[in-house]
Structures are given as structure tokens and as C-alpha cells.
Amino acid sequence: MLKQELARCLQQAVLKAQQEGALASAALPEVLIEHPQNPEHGDFASGLPLKLARSMKMSPMAIAEKVSEHIVPPPQVDKIWVAPPGFINFILREDWLSTEVESILAAGESYGDIELGKGNRVQLEFVSVNPTGPLHVGHGRGAVLGSTLANVLTASGYAVEKEFYINDMGNQINNFGRSLHARYRQCLDKEAAMPPDGYYGNYMIDLAKEIVQEQGDRFLSLPEGEAASQLAEVGVDRMLQRIKQDLELLNVVFDTWFSERSLYQGGQYNKAMELLQGGGYIAKKENATWFESSSLGEDKDNVLVRSDGSPTYFASDIAYHYNKFLERKFDWVIDIWGADHQGHVPRMKTMLKALGCVPEQLKVIICQLVTLRRGQEIVKVSKRSGDIVTLKEVIDEVGSDACRFIFLSRSADSQMDFDIELAKRQSADNPVYYVQYAHARIASILRLAKQREIDCSQGDVSLLTTEPELTLIRRLILLPEIVEQVAVTLEPHHLPYYAQDLATVFHSFYKQCRVVSEDEALTKARIKLVKATQIALAKVLRLMGMTAPEKM
RNA sequence: GCGCCUGUAGCUCAGCUGGAUAGAGCGCAGCCCUGCGGAGGCUGAGGUCGCGGGUUCAAAUCCCGCCAGGCGUGCCA
């Protein structure tokens, strides 16, 4: 990328100046190239001389002069100059910019793809909610974040696998089974008490009714424990179907649905435990089995197997990550968790160390929680108490594209209030439509061009020389950088901001430059530019998991 | 108590590997349709970047201390 190339140029210029004695020898910090916010400062700039001033005992301006004298600029660069207090600025050649339009057209749908992750297998695990209830709005955030990251990492050359981890055993499932059993009996007019900490949502009653309708009263004859466990299985299957459907509404699709129970049936749990045992990290205390994480620097030890013999979820997670790293051998694993799991991260990292894995190969993205509200009123979402605003309801009201955009526009670090009233009200003037409108507008222009039988294949892009045209091209060529930034930082919230910016620049161009006009040559050149813009807009929208409409 | 995250315009949020006049959307006050989609363009008002110290040529950005909010700190997940 041009940015990196300029960094290399600067570095070489400094070295050369040092060899010639024009600059004192000093260690070179990492050369940072940035886009100045003020366009008068050029397309790229570096404050390197300011950083070198101290160690070289020279004024930043003098260093900047010396460095710029020694720069061998790449052919794309038109002008290099020095600006106080010690910046080196670069401006790109306009004829090079215009030829970039051709490159974008040639790349087509692959425009924006980079090779950053070539040859690496990444697993992305997200959502992974307990299949004991429908998804609520909060889950939507993780789903959108994960699926967008998957898109971007794929565009960055990684082989990405999206996985949903199904917690199909343990306390919550037992609880779910008992609750469902009670509802089932009640449905058949039998005496039954809900467990005190059971799942009280109305969806449980509907679920029980469905099961009665399809499978009759056959569970009544079973012993209570057996009935609850069989019903849990039937119920989980149905909940998973629902979860899957809701996610598809949001354009979120998984490659693998991985069962927690399979870890125990497939022997992976035993293998992982043996590995820990062999390393001497396991101890028996108070009838329970503990992972001695404190010997690895953790605050305290953690229980793996309770005194009643049942494994904790931490034990499952160990087996699961043993499977991810040592059996499936992913180069890199990304887990997306809610902020309520943040305390689990250090444990997981030390556990990986104990398994002999490289903890850095696991990236955990902590996504701050979503508090749901209706205007001033805060809506508690709890599957057990029952007041749930489901994700599906919100998608039905707000729309998948707008919903995704709202979730994507905030960094995972900041907790967000999802105001249902506001979301509905703003769904009409949600920025997503602004971006999509730009795309639809382009489609409309291209329809007109087609109708007039304009063939732009011989269009000469060197005719694109005015300010609005060049500004637009400057935005278009940022896309690969944005993709890289998102892939490196794992922060997809940069995408919607870029998309909006690109749309703004396009709308402004549109206002100032008539595309289909009497000037045949210029028309052909501008159609090329407009097509390139459409490619970039469609690409960002696709990366964000949204539609790029031809008409609205 | 300790740990993680957050505090930027009226509201919702970007910017945070230190850089040249702090940005966007919504809202507010105006202006622009006898040419390709006005779901648009343009202009303006609006800011002690939570508070106080420190480091630096340079701090919204880094360090320390406060204050406020969220989350965690289970033989729950």
C-alpha cells in the first residue's frame, strides 16, 4: 500500500542523509504516515522530524529539510514539501489518481480486498447464547459485530470459520427442562410447579403447547427427571431453530454449530484434562477438582469439577479451546463475549498456557452490554423473568439494515443504550439510507446512460480533473486502508463512518458535476468514475452485511 | 475493596500507537429544484474534550490521583 511505501521512502531518506553526514545518527522510531485532516496539508504527512529533533539535537524544520532533500519519491507522488513546525507533506499526482478509477473498475467486486491474512485460518466464535430462550436485542450486537468482522477478515485474505457454540448441557439446560416440563404438564391440565428460578417467559408456554400439539402426552408417563431431560432436548432443538431464523433475518449465518455435549462424548474433555493433569495443574480439594491457576500467576484457583461430579462451564471451555487449537489447529481464534464475561479472559489465557498453546493466538473481544430502553424507561431483559423484547421484534420494526448500522456505529468498548422508540423514529432518517441512497442514485444514473446507449468502455479517465472528481477518487482509494485497519484492530465501527463519508463526497460531487451531459467524452469518463464509486459503496455495504439497493 | 470498560456539541457517537484551526449524524436557524433520484446540496449557531496534577517542542490522546456511570469479582454461564 502507498502508505507503507511512503514510510519506507522516509526511512531510507533519513538513512541516506545520515550516511552523508547531513543528519546525526540516531535511532529511528517507527515511521508513521497519516492523512492530514486539513486537505491543504496534502494527501499524506509525517511528523517524523518532530520526533527526531531531540535525539538529533537539531531543529525539526532543519531535519525536515534535510530529509526531504534525500527522498526518492514513488511515481504516484506529485509534490513533497516541508511545513512548520516540522512536518513533511506529500501530495499525489492528479493523473495517477484518475487512473485509479480504471484499477477499481478492473478489480470489480474484489476491490478493497487485501492479502494481509493470506494462508491463515481464523475461527470466529460469537453469539453462542444459551439455547433456552429467544435472542434479545443485546445479542444482536455481538451477532452484527461478529458477522461483520468475518466479512472483513475474509476480504483481508483469511480463511474464516464462523462458529456458534451450543451450551446444550449443564445447570441452565436442566433448569430449562424442568421449567418446560412444568409448562407441559400445565398444558395438559396436570398439577405442576415451576422451579423457583425457572424460565418464566411466555415463550415457554407457547413452546409447551407446540410440543403437546405435535407429540401429545407421551412425556406424562415418563419419570419426572427423564421427562424433563427429554423435553429439554426437544426444547433446545426448537429454540435453536428459532435462534437460527432470527439470526438469518439479520443476515448472520454460521458455518458450524458446535455442541458442548460433543466435547464429552468425543473424548476431548478427557484429553484436555489429561494434558492439564500431566502438567501438574490439577488438584483435588474439598471433594472438587481444581485448576491451580494461582501457580501460573492468577489471583485464585478455579473449580473444574464440582463436588457433585458435574463439570463447570470453565471445564467445558478448556475442552472447547483444546479442540479449537490442538485438534482443529486454527492459527488464530477470536471469541466475542459480552462484558459480563470479561473476568473470564485472564483465566482462559492462563489455561491456554497450561495446555501449551500460545495465549496470543486467542483474541477475546469484549462487547459492552446493551441496555434496552423505551424512552426514559429502562427495560430489563431477562429470559427467566420473562419481559423480553426479542431481537426479531426489533428487526421487524427497524429493519435489518438499519439495525446493523446502529449496532456497527459504536465501538465495542462503549456500552450502548438501545432506545426502541428512538430506533423506530430514526429508522426513517437512519444514516444507512443516506449511504444506500447514494448507491441507488448511481444505479439510476447508470440506467439513464444505458437507455441512451452510452458505451463508456473507451472513456478517458484523464479528463477527471476537477476538485469534486478528485476528492471523490481520493475517498475511493481509501477503502483498502479501511479494510486493513478493521482487520488489524478488529474494530468494525470504522466501516459505517467511511461509508457515510464516501456517500457525502459522492452526493457533493453529484451536485456539482453533471454526469450524463452533452459532452460525450466527459460523460464517458464520469460514468467510469460513478461506476467505480458504486463498486466501493456496494463493497462497504456488503462488508457491513447490508443490501446495496438499485432502487429505493 | 480490587479488576475491566466508559465520561468529547442539546442528543447519539467518531477521533485516543501524542502532532498543524477538535469531527459526523440527529436536532436548531437559514439558503438552493424550468438538467442525471430533494431520502439531496450549501451556510450558520452550538465545545473549560468529567475534574486536578504530571511528562513533552506538542496532550482529547500518555502517566498519577480524584469524581460519575456500566460490568465483573460463584463448586452461575
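Letters A, B, ... mirror the listed sequences (proteins, then strands); counts begin at 1. Since this is a predicted model, take the numbers as computed values, not measurements.
Using Watson-Crick or G-U wobble geometry with both donor-acceptor distances under 3.5 Å, C4(B) finds its partner in G70(B).
For Asn167(A) and Gln172(A), the side-chain atoms include no donor-acceptor pair closer than 3.5 Å.
Between the side chain of Thr312(A) and the base of C75(B), no donor-acceptor pair under 3.5 Å is found. Between the side chain of Tyr433(A) and the base of A39(B), no donor-acceptor pair of N or O atoms lies under 3.5 Å. For a distance-only test at 3.5 Å, the side chain of Asp317(A) fails to qualify as a donor-acceptor partner of the base of A77(B). For a distance-only test at 3.5 Å, the side chain of His341(A) qualifies as a donor-acceptor partner of the base of A77(B).
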(message) I need a per-nucleotide contact map over nucleotides 4-9 of chain B, read 5' to 3'. Cutoff is protein heavy atoms under 4.0 Å; write B for the base, S for backbone only, - otherwise.
(response) BSS---

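Under a 4.0 Å N-O distance rule, the pair Asp301(A)/Lys285(A) qualifies as a salt bridge. A salt bridge is absent between Glu484(A) and Lys3(A): the closest approach of a Lys/Arg side-chain nitrogen to an acidic carboxylate oxygen does not fall below 4.0 angstrom.
At C13(B), one or more side-chain N or O atoms of Arg410(A) fall inside 4.0 Å of OP1 or OP2 (strictly under the cut-off).
The listed nucleotides are A20(B), G41(B), U56(B); the one nearest the side chain of Ala45(A) is A20(B). The listed nucleotides are G23(B), A14(B), A77(B); the one nearest the side chain of Ser411(A) is A14(B).
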